[in-house]
Structures are given as structure tokens and as C-alpha cells.
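Have a look at the structure below before the remarks.
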Amino acid sequence: QVQLVESGGGLVQAGGSLRLSCAASRRTIRLGWFRQAPGKEREFVAAVSWSGYSTYYADSVKGRFTISRDNAKNTVYLQMNSLKLEDTAVYYCAAGDYTGNYYSINEYDYWGQGTQVTVSS
């Protein structure tokens, strides 16, 4: 089992920045972020491989968000810049013990409780 604890959500104006953090109870092969807006399905945002050298992004956040991990701290970060109204959602940290399709929600075994990100105009 892996426990994931997110932090860093909040209210920010459009164009602003936030940094999310997720501390894991142990190291995992993959770490990722998903988000779920009201009335919508949970969607992939970003993921990072074991080494941290391979990163994956949804087209909607590419160029604005950056995912990174610190294996010494078992922590993954999501730096979110140039935030838009449509980025408003609950953001979930996710982890898995296998490689494969980093974009697939079905390949993540462990989930955090989520942190709210609200972007205002």
C-alpha cells in the first residue's frame, strides 16, 4: 500500500501560478496528477517516470505545467503557471508500481484525497 498526501491547492487569479505537492509513503515507479472538474470525468494531467527523466502531459497543460519528483523525499510536484479558468478542478495525486501507459487512469493503483484548485477571473 501507498499513502499519498497532497498539498498546495487554493484560490488563484487567472494567469497566476500554484505549486502542488504530493508526499508518498514509499517510492513508486510512476507518479502522476489527475484532475476532476464538477460534472466531468477525472482526466490525466501529467506523469513522471521512476528516474524523473521521462515526463508526460495532457495537451491542455503542455507548456504551462511542469511535473517533477524528488525521490529522496518520495514527493512529486506539479508547478502550474499561466492558470486558466478551465484549470479549476480537484487535483489528485496518483501512483503505480508498474511501467506502461502513463496516460491511463486504470494503471494507477493508489490515489490521494485530492486538493482543490480554483482559478478566478
Side-chain angles (χ1 to χ4, degrees):
Q1 282 293 329
V2 178
Q3 284 73 51
L4 301 170
V5 180
E6 302 106 333
S7 61
L11 175 65
V12 63
Q13 285 192 323
S17 299
L18 278 177
R19 187 194 196 204
L20 304 183
S21 299
C22 173
S25 57
R26 65 165 174 83
R27 190 174 297 182
T28 59
I29 294 293
R30 62 168 66 194
L31 287 166
W33 290 95
F34 288 74
R35 67 186 182 186
Q36 188 167 18
K40 294 188 176 181
E41 293 187 352
R42 194 171 298 189
E43 65 176 5
F44 171 81
V45 176
V48 60
S49 65
W50 168 272
S51 65
Y53 291 125
S54 296
T55 56
Y56 310 83
Y57 295 97
D59 288 342
S60 59
V61 307
K62 204 171 292 184
R64 300 187 297 122
F65 291 10
T66 302
I67 190 170
S68 61
R69 66 187 292 172
D70 183 340
N71 285 338
K73 298 180 179 179
N74 291 337
T75 300
V76 62
Y77 305 96
L78 186 67
Q79 178 67 42
M80 305 185 294
N81 298 330
S82 303
L83 282 161
K84 304 176 180 180
L85 297 178
E86 52 264 42
D87 293 319
T88 295
V90 177
Y91 283 70
Y92 296 90
C93 178
D97 288 324
Y98 303 96
T99 59
N101 184 351
Y102 281 79
Y103 298 90
S104 173
I105 193 172
N106 296 319
E107 298 198 17
Y108 291 82
D109 302 307
Y110 311 106
W111 293 85
Q113 293 299 306
T115 185
Q116 177 71 47
V117 171
T118 303
V119 183
S120 65
S121 58

Which pair of non-hydrogen atoms, one from [X] and one from [Y], has the smallest distance, and what is that distance?
{"X": "Leu4", "Y": "Tyr110", "value": "CD1-O, 3.5 Å"}
{"X": "Ile67", "Y": "Gly32", "value": "CD1-CA, 4.3 Å"}
{"X": "Leu20", "Y": "Met80", "value": "CG-CE, 3.7 Å"}
{"X": "Val45", "Y": "Leu78", "value": "CG1-CD2, 4.2 Å"}
{"X": "Ser60", "Y": "Arg35", "value": "OG-NH2, 3.5 Å"}
{"X": "Arg69", "Y": "Ile29", "value": "NH1-O, 3.2 Å"}

When you group the ILVMFWY residues by side-chain heavy-atom contacts below 4.5 Å and let the links chain together, are [Y] and [X] in the same group?
{"X": "Tyr108", "Y": "Tyr57", "answer": "no"}
{"X": "Val117", "Y": "Tyr77", "answer": "no"}
{"X": "Leu18", "Y": "Tyr92", "answer": "no"}

Looking at side-chain heavy atoms only, is the closest gap between Trp33 and Cys93 below 4.5 Å?
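In short, these two side chains touch, coming nearer than 4.5 Å.
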With Tyr56, which residues qualify under ring pair (Phe, Tyr, Trp, His ring centres under 6.0 Å), at least two apart?
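Ring pair (Phe, Tyr, Trp, His ring centres under 6.0 Å) check on Tyr56 returns Tyr102, Tyr103.
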Inter-residue atom distance [X].[atom1] - [Y].[atom2], 0.5 Å rounding:
{"X": "Tyr91", "Y": "Glu6", "atom1": "OH", "atom2": "CD", "value": "12.5 Å"}
{"X": "Leu83", "Y": "Thr88", "atom1": "CG", "atom2": "OG1", "value": "8.5 Å"}
{"X": "Thr99", "Y": "Glu107", "atom1": "OG1", "atom2": "CD", "value": "8.5 Å"}

Considering only NZ, NE, NH1 and NH2 on the basic side and carboxylate oxygens on the acidic side, decide whether Lys62 and Asp59 come within less than 4.0 Å.
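Salt bridge flag = yes for Asp59 with Lys62.
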May I ask you to decide if Ser25's main-chain N or O and Gln3's side chain share a donor-acceptor pair within less than 3.5 Å?
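No.
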Arg30 side chain vs Ala94 backbone, donor-acceptor pair below 3.5 Å:
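A pair under 3.5 Å: no.
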Quick one: which residue pairs count as a side-chain hydrogen bond (donor to acceptor under 3.5 Å, both in side chains) with a foot in residues 10-21, not counting sequence neighbours?
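Applying side-chain hydrogen bond (donor to acceptor under 3.5 Å, both in side chains) to every pair that reaches into residues 10-21, excluding sequence neighbours, yields Ser17-Asn81.
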